[in-house]
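No experiment lies behind these values; they were computed from the predicted model shown.
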Amino acid sequence: HPTSDLAGRAQASADFLKARITDAPRIAMILGSGLGAIGDQLDDATAIDYAEIPNFPVSGVEGHKGRLVFGRLEGVPVVVMQGRSHFYEGWSMQEVTFPVRAFHLLGIDHLVVTNSAGGINADYKPGDLMIINDHINFTGQNPLHGPNEDAFGPRFPDMSDPYSAELRQLLHQVAHSRDIAVKEGVYAGVAGPSYETPAEVRMLRTLGGDAVGMSTVPEVIVASHCGMKVAGISCITNYAAGLSDTKLHHDEVKETADRVRETFTGLVRGLVQAIAHTL
Ligand SMILES: Nc1nc2ncn(CCNC(CO)CO)c2c(=O)[nH]1
């Protein structure tokens, strides 16, 4: 049974949610800026604002709704986070990743993380979808900092396959069957909220980054810690600094996410169906 304060708070959130749902999902999805539409497409949906859930942080970023939606996607029970809190808003890494802990205590063992990201790889263009095969934690932080939460995982968790090779293969199969062009690459996570400078983009590219964003890394570290299988998809919403002569603006992020919403939704729907066949 959870012993630490964090584990106790996560248990309180999970108990609150268990009392509100019937179909306990095994798949959770975190939807990034402008990508939350799937949460409005669930059947038999139960929506719960983050503000109602004990201990849940509430995002204040445009393009993020701030609610959990339980329901069925392609007939599969899922829970969708419409909006996420971000480190750059001032939340601690422990607060940003708190929902993942609560999901673990709900019995969720598959996590689909999506985000909007800047393209670093010169072959990428706005509108591309990138299957994440690894990440670089350039936030300077670690959500597992501090005493280990033994109820969730080991002190020194393995990170050799943080974006499940099995789920990546499923994603490629789904993309192929639905004729969706996808890239596969490394997501570089930065702290934000300022976008990167051209020099930082060149550094991240030299380090092997293909896309850059201000989320995902913390959630995936915590998901790996508690043994979840993770799939990550980045929607490339703009060129990173220095790769085009336009200045970066959050409006462009949301506009591009809107433009690819249908394709993105099709990929995620197919992935959920494919995961369900493995359960
Ligand atoms: N160059 C660049 N392009 C991007 N497009 C989306 N994001 C992810 C960050 N999204 C923020 C602000 O748009 C909102 O969470 C980024 C980023 O971090 N860098």
Side-chain angles (χ1 to χ4, degrees), residues 29-40 50 57-67 80-91 93 96 113-132 135-141 180-183 185-207 209-220 232-265 267-268:
M29 304 164 67
I30 302 177
L31 300 176
S33 302
L35 300 171
I38 289 179
D40 300 325
Y50 293 158
V58 182
S59 170
V61 176
E62 220 180 305
H64 287 255
K65 261 188 183 171
R67 64 182 197 164
V80 172
M81 278 184 75
Q82 281 190 309
R84 55 154 61 96
S85 54
H86 300 80
F87 182 63
Y88 61 70
E89 293 178 80
W91 298 101
M93 282 295 185
V96 167
V113 192
T114 70
N115 59 59
S116 294
I120 297 178
N121 186 313
D123 296 335
Y124 289 14
K125 63 187 183 308
D128 284 346
L129 296 180
M130 182 188 87
I131 296 171
I132 304 173
H135 73 223
I136 296 171
N137 180 3
F138 214 79
T139 65
Q141 307 285 322
I180 298 172
V182 290
K183 310 282 190 188
V186 174
Y187 177 90
V190 296
S194 54
Y195 289 120
E196 332 68 42
T197 65
E200 288 165 348
V201 172
R202 290 195 297 273
M203 172 202 68
L204 291 170
R205 186 163 50 185
T206 304
L207 294 176
D210 295 293
V212 57
M214 305 175 190
S215 68
T216 300
V217 162
E219 296 103 318
V220 173
I233 306 168
S234 289
C235 173
I236 304 302
T237 51
N238 46 280
Y239 295 104
L243 297 181
S244 81
D245 51 9
T246 55
K247 287 202 177 302
L248 295 171
H249 196 285
H250 188 55
D251 287 346
E252 183 191 5
V253 169
K254 288 183 294 160
E255 282 155 20
T256 308
D258 282 346
R259 182 158 56 84
V260 299
R261 177 180 298 137
E262 209 169 304
T263 309
F264 169 80
T265 302
L267 185 60
V268 172

TODO: Of all the heavy-atom pairs spanning Tyr88 and Gly192, show the shortest one and how long it is.
DONE: CB-C, 3.7 Å

- [ ] Rounded to the nearest 0.5 Å, what's the gap from CG on Asn238 to CG on Leu248? Could you check?
- [x] 5.5 Å

Task: Test item: side-chain donor near acceptor, His86 and Glu89, under 3.5 Å - done: yes

- [ ] Of all the heavy-atom pairs spanning Val253 and Ser116, show the shortest one and how long it is.
- [x] CG1-CB, 3.6 Å

Open item on the list: Are the side chains of Met29 and Val268 in contact, using a 4.5 Å heavy-atom criterion?
Closed with: yes

Task: Residue that, paired with Arg84, satisfies side-chain contact (heavy atoms from CB on, under 4.5 Å) out of Thr114, Val113, Val96 - done: Val113

TODO: Search all heavy atoms of Ala117 against all heavy atoms of Tyr187 and return the closest pair with its distance.
DONE: CB-CE1, 4.1 Å

Open item on the list: Consider side-chain contact (heavy atoms from CB on, under 4.5 Å). Of Leu207, Val190, Asp210, Val217, which one does Ile136 pass it with?
Closed with: Leu207

Open item on the list: Quick one: does any side-chain atom of Asp251 pair with a main-chain N or O of Glu255 as donor and acceptor, under 3.5 Å?
Closed with: no

Task: Heavy-atom closest pair, residues Ser194 and Met214 - done: O-CE, 3.7 Å

Task: Closest non-hydrogen atom pair between Tyr239 and Tyr124, with its separation - done: CE2-O, 3.3 Å

Open item on the list: By the definition side-chain hydrogen bond (donor to acceptor under 3.5 Å, both in side chains), identify the one residue from Thr265, Asp258, Thr263 that meets it with Arg261.
Closed with: Asp258

Task: Spacing of OG1 belonging to Thr237 relative to NE2 belonging to His249, to within rounding of 0.5 Å - done: 13.0 Å

Task: Residue pairs involving residues 117-129 (criterion salt bridge (Lys or Arg N to Asp or Glu O under 4.0 Å); sequence neighbours excluded) - done: Lys125-Asp128

Task: Atom pair SG/CG of Cys235 and Leu31 - distance to nearest 0.5 Å - done: 12.0 Å

TODO: Search all heavy atoms of Glu219 against all heavy atoms of Thr216 and return the closest pair with its distance.
DONE: OE1-N, 2.8 Å

TODO: For the residue pair Met81 and Tyr50, establish whether any side-chain heavy-atom pair is separated by less than 4.5 Å.
DONE: yes

Open item on the list: What's the separation between atom CG in Leu204 and atom CD in Glu196, rounded to the nearest 0.5 Å?
Closed with: 7.0 Å

Task: With Ser244 via side chain to side chain donor-acceptor pair (under 3.5 Å) - residues at least two apart - done: Thr246

Open item on the list: I'd like to know whether Met203 forms a side-chain contact (heavy atoms from CB on, under 4.5 Å) with Phe138, so could you lay out the CA-CA distance, the side-chain angles of the two residues, the decisive distance to 0.1 Å, and finally the verdict.
Closed with: CA-CA 11 Å; Met203 172 202 68; Phe138 214 79; 3.3 Å; yes

Open item on the list: Could you tell me if the side chain of Arg202 sits less than 4.5 Å from the side chain of Ile120, heavy atoms only?
Closed with: no

Open item on the list: Contact between Phe264 and Ile38 at the side-chain level, heavy atoms closer than 4.5 Å - yes or no?
Closed with: yes

Open item on the list: Regarding Ser234 and Asn115, do their side chains bring together a donor and an acceptor under 3.5 Å, going by distance alone?
Closed with: yes

Open item on the list: To the closest 0.5 Å, what do you measure between CD1 (Ile236) and CG (Leu129)?
Closed with: 8.5 Å

TODO: Output the distance between atom CD (Gln82) and atom CD1 (Ile30), rounded to the nearest 0.5 Å.
DONE: 13.0 Å

